[in-house]
Amino acid sequence: MVTASRADCYALDLEDPLRDMREEFSLPSGVTYLLGNSLGALPKRTAAKVAHTVETEWGRDLGASWNTAGWWDLPQTTGDRLARLIGAGPGEVLAGDSTSTNIFKVMAAALPLRPGRRVIVSDLENFPTDRYVVEGVARALGSYEIRDIGSLDEALGDDVAAVLLSHVDYRTGALRDMDAVTARVHAAGALMIWDLCHSAGAVPVDLRAADADFAVGCTYKYLNGGPGAPAYLYVAERHQDAAYNVVSGWHGHADPFAFEPNYRPADGVRRFAAGSPPVLAYSALNASLDIWQTVDMAQIRAKSVALTTLFIDLVDELCPDLTLVTPRDPAERGSQVSYRNRDGYPVTRALAERGVVGDYRKPDIMRFGFAPLYLRYVDVYDAATVLAEVLGKELWREERYREPLTVT
Ligand SMILES: *Cc1c(COP(=O)(O)O)cnc(C)c1O
């Protein structure tokens with residue numbers, strides 16, 4: 001039995017409460033874009049907003065814009081707009097720097113809050129930069145040990161200061177139970193730091209309800225902030241007075257224009273600012289956040305579950321030889337679907353040439369991201385049928401599909 005026809009999918013698109021959102025995006029024709037989990041699509045309004053920042057705020061008003069256009073406060077005002085997407089309160093989120101840098105800042109702030117505990121729990125399955133930065137923090141602060149988890153319960157103990165985990169796994173799309181994990185970490189006396197890179201804009205997140213201590217995430221994936229857009233960090237209000245930012249730059253100073261010789265931290269999350277913000281990048285991010293302010297995350301989640309379930313069902317039927325590595329239970333996955341295939345790299349290249357853009361992660365994972373804001377049910381159908389054709393006719397076997405690219 002056929003899971004769904006293209007006409008069925010078209011009918012689902014007509015009933016989709018988010019269907020008008022696609023109009024907000026500039027998507028090339030003939031492309032089924034399943035990589036919004038890596039670089040989100042371009043909002044149509046971004047170019048005009050950035051042009052305004054360049055021509056008017058910078059070109060006409062020059063340095064006055066630090067005051068008149070709110071440039072100085074961008075890390076906080078942008079952070080407050082991100083807060084509603086991750087269940088944070090006002091004044092708990094600061095936008096800026098990269099996720100990698102923010103991991104360093106929050107980890108270095110968290111560890112001294114648990115004096116006497118010398119272990120950082122990390123996950124070797126996490127996106128490598130998270131683990132790399134943990135190594136850097138351990139070196140910089142000295143005499144910290146890194147313990148990589150197999151099972152979380154085995155890793156926890158009264159020597160653990162902080163735990164850093166991704167909410168959604170970047171390779172498999174598996175979703176952790178944020179409330180339960182945070183509670184276990186707290187029961188062991190440690191602090192919990194969540195990486196939300198593959199969560200924000202894809203699944204509802206409620207950091208406050210989970211009682212999380214710190215979090216980080218990027219905005220260029222599901223949030224469509226643009227390549228290299230400012231990332232963000234979250235510091236729970238209860239930690240803000242005690243948490244010290246070791247990247248203690250002047251933008252986080254209590255009185256930056258006093259130009260005092262020594263550092264004094266600003267109140268609140270602002271102390272986690274370091275240097276001058278990339279204003280043009282914030283402008284692009286805020287164009288996208290204008291759209292996100294109107295979005296109901298429950299609708300995003302419902303559509304994400306429907307799209308990923310449809311894709312899994314179609315691929316089960318059309319490509320029965322592929323091994324699904326993403327959890328089948330929608331409650332246990334984010335908004336991506338991954339398959340194990342040792343020829344995943346040439347398959348991904350062959351798909352791209354036929355307009356279906358996904359990606360490949362070593363050693364053998366093909367990833368397909370489903371950004372609920374702008375993808376349609378017909379896109380899911382088209383992707384599954386093209387995948388079936390590429391595999392069924394072995395179109396991926398052409399030698400040129402094996403040539404390596406710099407960014408995969
Ligand atoms: C995408 C991603 C990052 C990216 O880090 P950058 O510093 O922004 O390049 C980090 N961690 C995880 C889990 C990611 O998925």
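As the structure lists them, so they are numbered: ligands from 1, and atoms in each ligand from 1. This chain uses plain numbering: 1 for the first residue, then up along the sequence.
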Worksheet item: Looking at ligand 1, does any of its N/O atoms fall within less than 3.5 Å of an N/O of Asp195?
Response: yes
Fill in: Protein residue, atom and distance nearest to atom 14 (C) of ligand 1, heavy-atom basis
Lys221 NZ, 2.9 Å
Discussion item. Taking a cutoff of less than 4.0 Å between a non-hydrogen atom of the residue and any ligand atom, is Ala231 in contact with ligand 1?
Written reply: no
Item to complete: Run the numbers for me: atoms of ligand 1, each under 4.0 Å from some heavy atom of Ser98, listed by number.
Response: 7 (O)
Discussion item. For ligand 1, which is the ligand I care about here, please tell me if Tyr170 has any N or O atom under 3.5 Å from one of the ligand's N or O atoms.
Written reply: no
Worksheet item: Can you list the atoms of ligand 1 that are under 4.0 Å from a heavy atom of Ser166?
Response: 13 (C)
Discussion item. Taking Asp16 first and then Lys303, would you say they form a salt bridge - that is, a charged N and a carboxylate O separated by under 4.0 Å?
Written reply: yes
Worksheet item: Looking at atom 7 (O) of ligand 1, what's its closest protein heavy atom, distance included?
Response: Ser100 OG, 2.6 Å
Fill in: For ligand 1, the portion of Thr129 having any non-hydrogen atom under 4.0 Å away
side chain
Worksheet entry | Side-chain heavy atoms of Arg81 within contact of Trp292, under 4.5 Å | no
Discussion item. My understanding is that only one of Leu35, Val386, Thr348 makes a side chain to side chain contact (heavy atoms under 4.5 Å, CB included) with Val356; could you say which?
Written reply: Val386
Worksheet item: Does a salt bridge link Arg19 with Asp13, judged by any charged N lying under 4.0 Å from a carboxylate O?
Response: no
Worksheet item: Which ligand 1 atoms, with their elements, are less than 4.0 angstrom from a heavy-atom of Asp130?
Response: 10 (C), 11 (N), 12 (C), 13 (C)
Worksheet item: Mind checking whether Tyr222 and His198 have parallel, tilted or perpendicular rings, split at 30° and 60°?
Response: perpendicular
Discussion item. I'd like to check which ligand 1 atoms, numbered from 1 as shown, lie under 4.0 Å from a non-hydrogen atom of Cys197.
Written reply: 2 (C), 3 (C), 10 (C), 11 (N), 12 (C), 14 (C), 15 (O)
Worksheet item: Taking the six-membered ring for Trp, are Trp72 and His251 parallel (under 30°), tilted (30 to 60°) or perpendicular (over 60°)?
Response: parallel
Worksheet, complete the sentence: Note: ligand 1 atoms sitting under 4.0 Å from heavy atoms of Asn126 are 13 (C)
Practice prompt. State the CZ-CZ distance between Arg328 and Arg333, to the nearest 0.5 angstrom.
Written response: 9.0 Å
Fill in: Atom indices of ligand 1, in the order listed, that fall short of 4.0 Å to a heavy atom of His198
15 (O)
Worksheet item: Looking only at side chains, do Arg118 and Ser143 share a donor and an acceptor under 3.5 Å apart?
Response: yes
Response to the item:
When distances are taken from atom 5 (O) of ligand 1, the protein heavy atom at minimum range is Thr99 CB, 3.5 Å
Worksheet item: Any Lys/Arg nitrogen of Asp213 or Arg114 sitting under 4.0 Å from an Asp/Glu carboxylate oxygen of the other?
Response: no
Worksheet item: In the protein, what heavy atom is nearest to atom 9 (O) of ligand 1, and what distance, to one decimal place, separates them?
Response: Tyr220 OH, 3.4 Å
